[in-house]
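Since the structure comes first, as structure tokens, the remarks are kept for the end.
Letters go in sequence order (proteins before strands), and every chain restarts at 1. Hydrogens, waters and symmetry mates are skipped; everything else that's a heavy atom, side chains included, is used.
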Amino acid sequence: MDPWTRTVYEVVRAIPKGRVASYGLVAMLAGRARAARAVGNVMLECRDPSVPCHRVVHADGSLAPTFRDQRARLRREDVAFRGARVDLERALWAVRLPRADARADVRGRRAVRRRVRVSSSFDAPSSRRTIR
DNA sequence: GAAGTGACCGGGG
DNA sequence: CCCCCGGCCACTT
């Protein structure tokens, strides 16, 4: 599996249950801000069940027509819809910076340069939360 | 390398 | 609201 695909998988796995991210957002987090289209290509081929590909939607909340049970799978996670599209006001993943690393490797003074991981624990959905 | 093909995106009409 | 267009990126012919 190529690095691009691997990175995209990693980002998509970080989308919390009950939230969605747009292809463009996933692209950004994967380090290629304008590669939304390429993210779509990866999703199209994705058969890995550990990757919640149903949580990736269009920037306007609409879904890919060919992805049959996407809506059902989202509904099962209580994602709100407004007509045919996801209610992004409620369900869009609000990405946050990861904690400034409590668990930095202390052994050795050499700063460990590791890749920032997006954590799935951020922005877990809360039904009571109101935006704006 | 050129050309075509997407589960894309933003802006404009 | 909708549709369309140009730009975009990775992959395949």
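Residue A:H58 contributes atom NE2, which lies 18 Å from atom P of B:dG11 at whole-angstrom precision. In this structure, the CG atom of A:L29 is 15 Å from the C1' atom of B:dC8, given to the nearest Å. When the C1' atom of B:dG10 is taken as reference, atom CG of A:L88 falls 15 Å away, rounded to whole Å. Atom CD of A:E45 is separated from atom P of B:dG6 by 11 Å (rounded to the nearest Å). The CE-P distance, from A:M43 to B:dC8, rounds to 12 Å in whole Å.
Other residues, nucleotides and ligands place more than 12 heavy atoms under 6.0 Å from the CZ atom of A:R75.
Going from atom NE2 of A:H58 over to atom OH of A:Y23 covers 5.0 Å, rounded to the nearest 0.5 Å.
Judged by distance alone, the side chain of A:R47 and the main-chain N or O of A:L44 form a donor-acceptor pair under 3.5 Å.
Between B:dC9 and A:S22, a contact under 4.0 Å exists linking OP1 or OP2 to a side-chain N or O.
Checked for salt-bridge contact, A:E77 and A:R55 meet the test: a charged N lies under 4.0 Å from a carboxylate O.
Residues A:L88 and A:D60 approach most closely at CD1-C, 3.8 Å, considering heavy atoms.
For the segment residues 65-85 of chain A, the set of residues with a heavy atom within less than 4.0 Å of an atom of DNA chain B comprises A:T66, A:F67, in numerical order.
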Nucleic acid footprint by protein, nucleotides 6-13 of chain C - heavy-atom cut-off 4.0 Å, B for base, S for sugar-phosphate alone: -BBSBS--
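In DNA chain C, consecutive stretches of 3 or more Watson-Crick or G-U wobble pairs with both distances under 3.5 Å are given as paired ranges: B:2-6 with C:9-13, B:8-13 with C:2-7.
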